[in-house]
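This structure is a prediction, so every number in the text was calculated from the model and none was measured. Values below: every heavy atom of this structure, side chains too, minus hydrogens, waters and symmetry copies. If you read the sequence from its start, that first residue is 1, and numbering goes on from there.
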Amino acid sequence: YFYENTLSAIKVALNKIKTEIPNGQRLINRPNDFYAEMIKSDDQMKKIKGRILWEQKKIGIVENRKKNKRLKKYHKQLMSQKLKENALKIKNDKQELEDWKKRTQ
């Protein structure tokens with residue numbers, strides 16, 4: 001909340017400087033060799049980056065697990081369908097063989 005209020009106040013102030021003061025735009029610009037202090041230190045940023053990478057890796061693992069579960073279910077369904085088709089084919093072959101035996105006798 002504080003950050004948003006400060007940011008909006010700064011934007012209003014910058015607009016006033018640009019419009020009301022002659023050469024106000026030039027007063028606002030930073031010099032080319034100006035280096036601002038970072039809000040967070042490098043150690044904090046490394047921790048944050050590490051945490052983000054760890055969370056992405058965790059999400060990836062969960063997604064892979066879900067994908068493997070779906071594939072396993074799909075392959076199981078395919079195998080059961082294939083077994084049913086093979087059983088039906090064997091049954092039909094036996095029936096055709098019995099019919100052939102009856103016709104030839």
Side-chain angles (χ1 to χ4, degrees):
Y1 180 73
F2 173 76
Y3 178 78
E4 293 170 1
N5 284 341
T6 307
L7 189 62
S8 64
I10 289 173
K11 287 180 181 179
V12 169
L14 288 176
N15 285 335
K16 283 187 178 181
I17 289 173
K18 287 178 189 176
T19 56
E20 296 176 6
I21 298 175
N23 294 327
Q25 179 65 33
R26 209 167 25 138
L27 292 174
I28 297 172
N29 291 338
R30 292 183 183 151
N32 291 334
D33 60 347
F34 179 81
Y35 292 104
E37 287 291 322
M38 297 291 287
I39 293 175
K40 296 188 183 285
S41 68
D42 288 340
D43 293 335
Q44 285 178 318
M45 293 306 293
K46 284 180 186 176
K47 287 179 185 176
I48 291 170
K49 184 177 181 182
R51 191 178 314 133
I52 290 171
L53 291 174
W54 177 74
E55 288 177 2
Q56 287 176 346
K57 184 178 178 183
K58 202 166 84 171
I59 289 171
I61 289 170
V62 170
E63 289 296 322
N64 283 339
R65 195 177 301 141
K66 286 180 183 179
K67 178 182 167 190
N68 288 339
K69 190 175 181 180
R70 283 194 312 266
L71 286 175
K72 184 177 178 181
K73 196 179 282 188
Y74 175 71
H75 287 295
K76 186 175 180 181
Q77 192 177 25
L78 282 179
M79 287 302 294
S80 73
Q81 185 179 1
K82 199 172 209 180
L83 288 174
K84 285 180 185 177
E85 288 174 0
N86 286 344
L88 186 62
K89 183 181 178 194
I90 289 172
K91 184 178 176 183
N92 287 339
D93 288 347
K94 284 183 181 179
Q95 185 64 37
E96 287 178 15
L97 184 62
E98 292 296 322
D99 291 344
W100 178 78
K101 282 182 182 179
K102 287 179 183 176
R103 281 188 307 222
T104 56
Q105 288 179 351

Indicate every side-chain donor-acceptor pair of residues 95-102 with a distance under 3.5 Å to a residue at least two apart or in another chain.
residue, atom, partner, partner atom, Å
Q95, NE2, D99, OD1, 3.3

* Asked: Does some side-chain heavy atom of Q44 sit less than 4.5 Å from a side-chain heavy atom of K47?
  ->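 No, every pair of side-chain atoms sits at 4.5 Å or beyond.
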* Asked: Any side-chain heavy-atom pair from K73 and Q77 closer than 4.5 angstrom?
  ->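 Heavy-atom side-chain distance check fails, nothing below 4.5 Å.
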* Asked: To the nearest 0.5 Å, what is the distance between CG (N86) and CD (Q81)?
  ->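 If I round to the nearest 0.5 Å, the distance is 11.0 Å.
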* **Gap between atom CG of L88 and atom NZ of K84 - 0.5 Å precision** =>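 Between atom NZ of K84 and atom CG of L88 there are 11.0 Å.
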* To do: State yes or no: do I52 and M45 share one hydrophobic cluster built from I, L, V, M, F, W and Y residues joined by side-chain heavy-atom distances below 4.5 Å, directly or via other members?
  =>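 Yes, same cluster.
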N/O donor to acceptor pairs below 3.5 angstrom from side-chain atoms of residues 4-22, sequence neighbours left out:
residue, atom, partner, partner atom, Å
T6, OG1, F2, O, 2.8
S8, OG, E4, O, 3.3
S8, OG, N5, O, 2.9
N15, ND2, K11, O, 3.4
T19, OG1, N15, O, 2.9
T19, OG1, K16, O, 3.3

